[in-house]
Q: 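Sending over a structure as structure tokens; questions will come in a sec.
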Amino acid sequence: MLARSLRLFAEHGWLNLVGGCCGTHTGHVRAIAAAVAGQKPRGMRPMPKSILSGVDFLEVGEDVRPVIVGERTNVIGSRKFKELIVAEKWDDATEIARAQVKRGAQVIDVCLANPDRDELSDIQQFLEAVIKKVRVPLMIDSTDAKVIASALTYCQGKAIINSINLEDGEERFEKVVPLAKTFGAAVVVGCIDEQGMAVTRQRKLEVAQRSYELLTSKYGLKPQDLYFDALVFPCASGDQQYVGSAVETIEGVRLIKQHFPQSKTVLGISNVSFGLPTAGREVLNSVFLYHCTQAGLDMALVNSEKLERYPSLPEEERSLSEDLLYNRGADPIPPFAAHFRERKPAQKSIVDLPLDERLARYVIEGTRDGLAADLELALQTSLPLAIINGPLMKGMDEVGRLFANNELIVAEVLQSAESMKAAVNYLEPRMDKSTTATRGKVVLATVKGDVHDIGKNLVEIILANNGFEVVNLGIKVPPERLVEAVRTHKPDILGLSGLLVKSAQQMVSTAEDLSRAGIDVPVLVGGAALSRNFVDKQIAPAYQGTVAYAQDAMNGLELAKQIVDPPRFAQLQESLRERRAKLKDEARPKLRAVPPPPVRSSRIPILTNIPPVPDFERHVITNTPLDHIWRFVNPVMLYGRHFGVKGSVARTLDGTAKAEQAESAEWRKGESLKETIEELKGSLRAGAMKPRAVFQFFRAGSEGNSIFVFDAQSRPLISFEFPRQEKEGGVCLADFIAPMESGNPRDNLAMFVTTAGEGIRELAEGLKRSGDFLKMHAVQALALETAEGYAELLHAKLRSMWGSPDRPEMTMLERFRAEYPGKRYSFGYPACPRLEDQSKLFEVLRPEEIAVQLTDGCMMEPEASVSALVFHHPDAFYFSVA
Ligand code: B1M
């Protein structure tokens, strides 16, 4: 198998050296040598890449142009940043860096050159704080070599020095280039020489040529580490020498890229619009950036929080801007200024808002930068409870509205909840104990036999940070404990959650038990396998009180708000009554179809050549590196299903696909979420997540709808009875196994259980307690998808053991679409809906050894676990029997 796989790699020209390591012996090496004999070695590598890194790695390549450099952590460019540094509020100052990254910055420019202060000590203190907050590469922006030298010692990876030039001849080169070489940093090279700043495209090229020759041949810097700054001048400040300078810069970039294809170009964009009306500046900056990027620009210093997206700019504003940039028409400045003088700048930045609106905005934007100070301000005029029920709750209501309009995704709702929690935590000590802030009390639980936590916890966070007091009873809560909890806590609402259909049925019997106990508190139910129909037809009739179905957490919140508001509750009860009465009228007795005869479907050929398997041993795996598993995680499930990121963006977040909508708001949300997830992965790699798996091949044979499973010596172990599709030629899982021959199995199948391991719930609980709701949800979501990713990885391994390894160039997308021979089926899914069959799998596989238990509801604990039956039959496909 090893030799076979390596031969495939050699055939694709991927190998220069092959061999064996621990676990192989001469036999392996001989087989490998034979397998790769005559194959050509791997050829030469393409153009050297321009790389930068913080904790995260960044390749400044064609497909990420323009790389956005956040320009706001600069005391010369940002009054707000300067004031925070002067006040030595280092933590608040780092929030500006975090906000830039959150809005799309891939590098952060750091400049502490304030003549009234000690730049060296300021940059040391600021860098000490900011490297804990952002993972992106840093651009060290200083004219002082001592400051640069010290700053580079704080950079975790390959930084970039901004900047050097020939203004005083080679003096700056001599002072700074040795630092770049010592620390392996890249450099920004300004097109300035002894004659001054180069304004025309020709001069820019000349200065760049001279700098390039000196830096590469005399100073030994690599071409790919040179970032030429063609300089940007204000094109509409009335300064005649710079009229038309914008097009010179655009063409300067084009010339430099043509002459030095291995080097990069960078520009400080905002300078082009200096002196123009605020509302117009962001538009002109965006149009200028667009044309520079078309000309080949690789990197741009901008205010990533305010950068307008070129595609979304109105045509009229684009052409007004292009007239200015290309100096078209008699005088393009007045029409531009007039157009924007009237237009109010887009959304007021938070600082310009009145206090109450500011407090609501912190919640809406999920930020805490400045929150404490504004809460202090509010406390001078209002009581803590009034602030909570006033502007803060108004903020959360707006979050609910924006979510309902798909203008916010789950990840952002969680960040809003974090700000709300931080505000309430800040105010609580000032509230006198008698006053409570609750809209109502909710007892929340996952029903008996079900270990499902992630959905319920999301509901808890949303309710708790919208004024409800939540008592979370946890998982696997039997009806009798629910009865007791209702009697103890006297809640306004009982919330029940469950993942599987079995739990939906458990909710019916729970509703009956609650009624029998004389309880009629309004009940909210939710969960992946639950449907509105099932609630209306099965659960509601079983309960004497009101039952309402919540399709997601925000819908749960909306319903909870209605229930605690009597007039709205009456309306809700009325609408439920009407809909259910209508359902009853429409109900038609379901004709129980006669199950089809258990006859093999002719659509599935009986295989003559059964692929052999390496062994029928039970294999327990506990050492698969997490990073290997995470390559098999479906980003659409992780980022899309669990956080609401649009599929087209989510698909790109595992780096395997190009982002069409780069720089879009949706893309920025995805990138920022990816950062949170990558951050979490750090601690999980260190041992907090313990993925394990157990798998085994079994001899097998089918008969009708049954599959009989045997051990290596063909001794019978277990058997499964699977349903068959109720149509002509209907298929059944048994059809994918060759029929028994005179009582003997001649086929085989595999079974496995994968898990992300125990301890995830406790980790999430800890994050919940510390108010890190996004990370709480992220660690649970990542664990769930790790279990599924591990199943994808293990299945690929089994295919290889069956002698049909995946093609080396197979993409993950093809794997997620199951475009390979053979399929895996998980009990409970449509082709094998009987969850109880899990117990048979557990009987032979004994996943207890990898710390996976089966509950009385046939669910696996830990929650992030997956089991599967795996078939090699090339014609196997996914189908439903319902
Ligand atoms: Co699987 N799974 N899964 N699964 N899984 C389902 C549920 C299933 C419907 C898929 C299918 O058949 N197409 C099927 C159940 C069918 C059945 O019951 N027979 C199924 C199965 C069978 C299984 C396994 C048994 C398969 C196996 O291994 N044999 C297995 C069980 C695991 C175990 O025992 N521990 C399993 C495993 C998994 C993963 C771990 C890989 C993963 C995560 C599961 C999880 O969420 N804990 C997973 C996933 C992702 C799914 C699907 C695709 C999505 C579930 C989801 O969105 N979870 C699901 C198919 C589907 O729905 N399309 C499926 C995210 C979670 C945040 O959402 O739980 O819905 P959810 O909670 C939501 C809302 O429901 C609502 O708000 C929450 C947040 O918005 N809500 C409430 C929930 N509770 C509420 C309470 C309220 C209010 C609102 O009260 C106030």
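Atoms within each ligand, like the ligands themselves, are counted from 1 in listed order. Fair warning: this is a prediction, and the values are worked out from it, not measured in the lab.
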Q: From atom 44 (C) of ligand 1, work out which of L499, V442, V447, V470 has a heavy atom at the shortest distance.
A: L499
Q: Got an N/O contact under 3.5 Å between L500 and ligand 1?
A: no
Q: Does R799 make a cation-pi contact with Y820 (under 6.0 Å, within 45 degrees of the axis)?
A: yes
Q: Look at atom 65 (C) of ligand 1 and find which of H642, M860, E861 reaches it with the closest heavy atom.
A: H642
Q: Say whether, by atom type as modelled, one donor and one acceptor occur between the side chain of S867 and the main chain of V753 under 3.5 angstrom.
A: no
Q: With only distance considered, is F827 within less than 3.5 Å of ligand 1 through an N or O on each side?
A: yes
Q: If you take the nearest heavy atom of each of S503, G828, A781, S826, which one is closest to atom 16 (C) of ligand 1?
A: G828
Q: I'd like to know if the side chain of N555 and the backbone of Q551 have a donor-acceptor N/O pair within less than 3.5 Å.
A: yes
Q: Check L458 against ligand 1 and report side chain, backbone, both or neither, counting heavy atoms closer than 4.0 Å.
A: side chain
Q: Counting both backbone and side chain atoms, is some N or O of E863 under 3.5 Å from an N or O of ligand 1?
A: yes
Q: Taking the minimum heavy-atom distance to atom 41 (C) of ligand 1, which of E788, Q838, K502, E460 ranks first?
A: E788
Q: Just going by heavy-atom distances, which of G857, S880, A550, A445 is nearest to atom 88 (C) of ligand 1?
A: A550
